[in-house]
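Structure, as structure tokens:
To find a chain, count down the sequence lines: A is the first, B the second, and so on, and within it residues start at 1. Because the structure is predicted, anything quoted here is derived from the model rather than measured. Just so it is clear, the values below take in all heavy atoms, side chains as well, and ignore hydrogens, waters and symmetry mates.
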2 protein chains.
Amino acid sequence: MAQKIKLSTIAESLGLSTATISLALRDSPLVASDTREKIKEQARALGYIYNRRAASLRTSRSGIIGVVVHDIMNPFYGEILKAIETELDRNRQTFILSNHYDSVEKQRNFIETLLQLGGDGVIMSPAIGTPIEDVRLAETNGMPLILVARSMEGTALPTYRGDDSYGISLATNHLIGLGHKTIAMIGGTDQTSTGRDRYQGYVNALRKAGIEVDPELRIPGPRSMQGGFEAAVNFLSLPQKPTAAVCWNDLVAIGLMNGIARTGLVVGQDISVTGYDDLEQASIAVPALTTVSNQQAEVGRLAARALLDRLAGSHEPDGIHLIKPEMRIRQSTGPHRPRA
Amino acid sequence: MAQKIKLSTIAESLGLSTATISLALRDSPLVASDTREKIKEQARALGYIYNRRAASLRTSRSGIIGVVVHDIMNPFYGEILKAIETELDRNRQTFILSNHYDSVEKQRNFIETLLQLGGDGVIMSPAIGTPIEDVRLAETNGMPLILVARSMEGTALPTYRGDDSYGISLATNHLIGLGHKTIAMIGGTDQTSTGRDRYQGYVNALRKAGIEVDPELRIPGPRSMQGGFEAAVNFLSLPQKPTAAVCWNDLVAIGLMNGIARTGLVVGQDISVTGYDDLEQASIAVPALTTVSNQQAEVGRLAARALLDRLAGSHEPDGIHLIKPEMRIRQSTGPHRPRA
DNA sequence: AAACGGAATTAAATTGTTTTAATAATTTAA
DNA sequence: TTAAATTATTAAAACAATTTAATTCCGTTT
């Protein structure tokens, strides 16, 4: 409970001014190197703690960057966040994390809080239905904004995400190549750009192969393991008797596989299933999941880099940057075999 | 890029002083209610943004609470975090989240950053080997600290976690009750309090049942799905031919089950497996996982509550608060059947 | 000895809010 | 009417740093 140590405490104890202390602690060449050392030593000895809010009040730079995504517990975002964290850490920026759970209001609250704290910038995966004003709010207050994983219509904001349409077409083509003709698409929503892109990729691949698109084979649903698990029953009782499923993501795929396994059918033989994302869990699942690597780490890294560059003054052109996904073939897919 | 709107901007535009504006915006009864309304309206119209760092410089309250755990991507912590988030949100506190990945240095950096930002308090799940000075650092600078999920020897800090010893003994007793005698314990470490407690619970249950404890049956390892998956081979080739495994947590258990399934053995019949935590995934796994609910949500909520209460001035007694876990019996465990 | 130049240090203004004590304006009581 | 009490508003001093322009202190050079 000793009184707070501040610049002036150090200054007085050494018979110097706060200006000198401030400069010295930030390694300014303006102060003689031996004084500098003496000051740093004293700061350490006294247990001085730099007061960022006082500093940032003066400099209007806080070193805080906000990151808001749908759900940090979702491993897909988790991997992106890890990459962002690494990149920001390396540049000694503090980051504040939040979920918006697709609530526009929660997202706006976050942006407001960040503005109040003097945040230097935001990386966000916009909530479904994000109004353009919320983006403006950040911008007009001088807080640059980068989008990640999802894009937003009607803005020219710098955006980093996987090429979903291409990625899903990879998975679909893989199944077509194995002889499957009745391929369902499980999970997810059409309310996000990602959703529309993924569905489009699936449709495109089928069309190109001359397979007719049957809207009944699209089973939307939660993007979670639970969602996939619950979709299994619907999927298996479709009158079209699909022999393969393209899933929204790995979580849905694993849930679906578990659901199918409960009925005694063998995934990879009776039914083929593909995932999306290539989470850590994908290679461990039983059977090991054929999926598409969405390059989360790269997406996150690029987004963070883009923000840091912008803060450093460089002004790269805005626009959507699509990262190319890659196919990972494992045991959950196999040659077509008609269903009983 | 219009100039910053601050209290004085509003003050001038209305011919009042900043003092009045400041008071009005915070609903002080000192200012007449019609002036108050006029001021709020004007603030809205001008797009005023409250500058928290200026305010907190004056009040030395920032509204920021730090939370640092081993790994936010780990669903176990995820569920705790979600509960903390809910509770803090409700009290309009901003929270800053970080992983320490059991690096004492990363953890200390976090504490320091938080101090610099004027954080009001910290909730942490201490990294393995956290030195007492790091805790003192927070305390001597007036930042109260609450431990969650793990405890720390030699401190009387308020701590909220599950009763691990009791929880694991529930699982072990369940297996003993099914007739199993050779029960391995898979995953985790003995370097944390949690680790020691869990091992103790296992040992106690065996002893009480008159079963000799064989240290060879303890296979420590990473607390991840991958860890469990890789432990499967070791587990199955133990000369003692265990028929059951108590796993560190659900992730390890699911990994282990997957590993076992790859060899053709059937979990729940040939081998019984228990998890710990009762994650969402547990009930979906194939077979559905018998596990122990660690009451994460309750643990997180209580920890957040404790911190908020402390910040509000109440001084509840310190010490460890153990939350009682509960058994969830599903299909991954079954009656003893000797191995070939 | 005066003038100069460079290096090291500092005075003082600034950042945007909160708060206390003081003042001004209004109402009530005597 | 005046004094007292109440209500509304504000001046000015914090809070802890940064930064610019000014100052002091040297040793050199003329």
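- dA16(D) atom P lies 14 Å from atom CG of Leu115(B), rounded to whole Å.
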Residues Arg90(A), Thr86(A); criterion side chain to side chain donor-acceptor pair (under 3.5 Å); working and verdict: CA-CA 6 Å; Arg90(A) 187 177 296 150; Thr86(A) 307; over 6 Å; no
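- Rounded to whole Å, atom P of dA17(D) lies 11 Å from atom CD of Gln116(B).
- Closest approach to the Leu7(B) side chain among dT17(C), dT9(D), dC15(D) is made by dT17(C) (side chain taken as heavy atoms from C-beta onward).
- In this structure, CZ of Arg26(A) is placed 10 Å from P of dT20(D), rounded to the nearest angstrom.
- Nearest to the side-chain atoms of Leu16(A) among the listed nucleotides dG16(C), dT9(D), dT10(C) stands dT10(C).
- Closest-nucleotide positions on DNA chain D for Val31(B) and Arg58(B) were compared, and the one nearer the 5' end corresponds to Val31(B).
- Thr59(A) comes within 4.0 angstrom of sugar-phosphate atoms only, judged by non-hydrogen atoms across all strands, and of no base.
- For Leu14(A) and dT10(C), the CG to C1' distance is 15 Å, given to the nearest whole Å.
- Classification of Arg310(A) and Asp120(A) as a salt-bridged pair fails, no side-chain N sitting under 4.0 Å from a carboxylate O.
- Distances from the side chain of Ala55(A) to the nucleotides dT10(C), dA17(D), dT9(D) place dA17(D) closest.
- Look at Thr18(B) and you won't find any side-chain N or O under 4.0 angstrom from OP1 or OP2 of dT17(C).
- Using a 4.0 Å heavy-atom cutoff across all strands shown, Ala32(A) reaches sugar-phosphate atoms only and no base atom.
- Here Leu30(A) lies in heavy-atom contact (under 4.0 Å) with a base.
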Stepwise side chain to side chain donor-acceptor pair (under 3.5 Å) test for Arg53(A) and Ser56(B): CA-CA 8 Å; Arg53(A) 40 213 216 288; Ser56(B) 93; 2.6 Å; yes
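- Atom CD1 of Ile10(B) is separated from atom C1' of dT9(D) by 17 Å (rounded to the nearest Å).
- The CG atom of Leu25(B) sits 10.0 Å away from the CZ atom of Arg44(B) when rounded to the nearest 0.5 Å.
- The partner of dT27(C), taking Watson-Crick or G-U wobble pairs whose two distances both stay under 3.5 Å, is dA4(D).
- Side-chain nitrogen and oxygen atoms of Arg53(B) include none within less than 4.0 Å of the OP1 or OP2 phosphate oxygen of dC15(D).
- Checking dG16(C), dA17(D), dT19(C) against every side-chain atom of Ala54(B), the shortest atom distance belongs to dG16(C).
- Between Leu23(A) and Ser22(B), it is Leu23(A) whose nearest contact on DNA chain C lies nearer the 5' terminus.
- Ring pair Tyr160(A)/His321(A) is parallel by interplanar angle, where below 30° counts as parallel and above 60° as perpendicular.
- If you measure from atom CD of Glu12(A) to atom C1' of dA16(D), you get 13 Å, rounded to the nearest angstrom.
- Nucleic acid contact class of Thr35(A) (heavy atoms, under 4.0 Å, all strands): sugar-phosphate only.
- For dA17(D), the OP1/OP2 oxygens have a side-chain nitrogen or oxygen of Tyr48(A) closer than 4.0 Å.
- In this structure, Leu117(A) atom CG and dG16(C) atom P are separated by 16 Å, rounded to whole Å.
- The pair Asp71(A)-Arg223(A) does not meet the salt-bridge criterion, since no charged nitrogen lies less than 4.0 angstrom from a carboxylate oxygen.
- Note on Ser17(B): every side-chain N or O is 4.0 Å or more away from OP1 and OP2 of dT9(D).
- The interatomic distance linking Arg61(B) (CZ) with dC15(D) (P) rounds to 18 Å, in whole Å.
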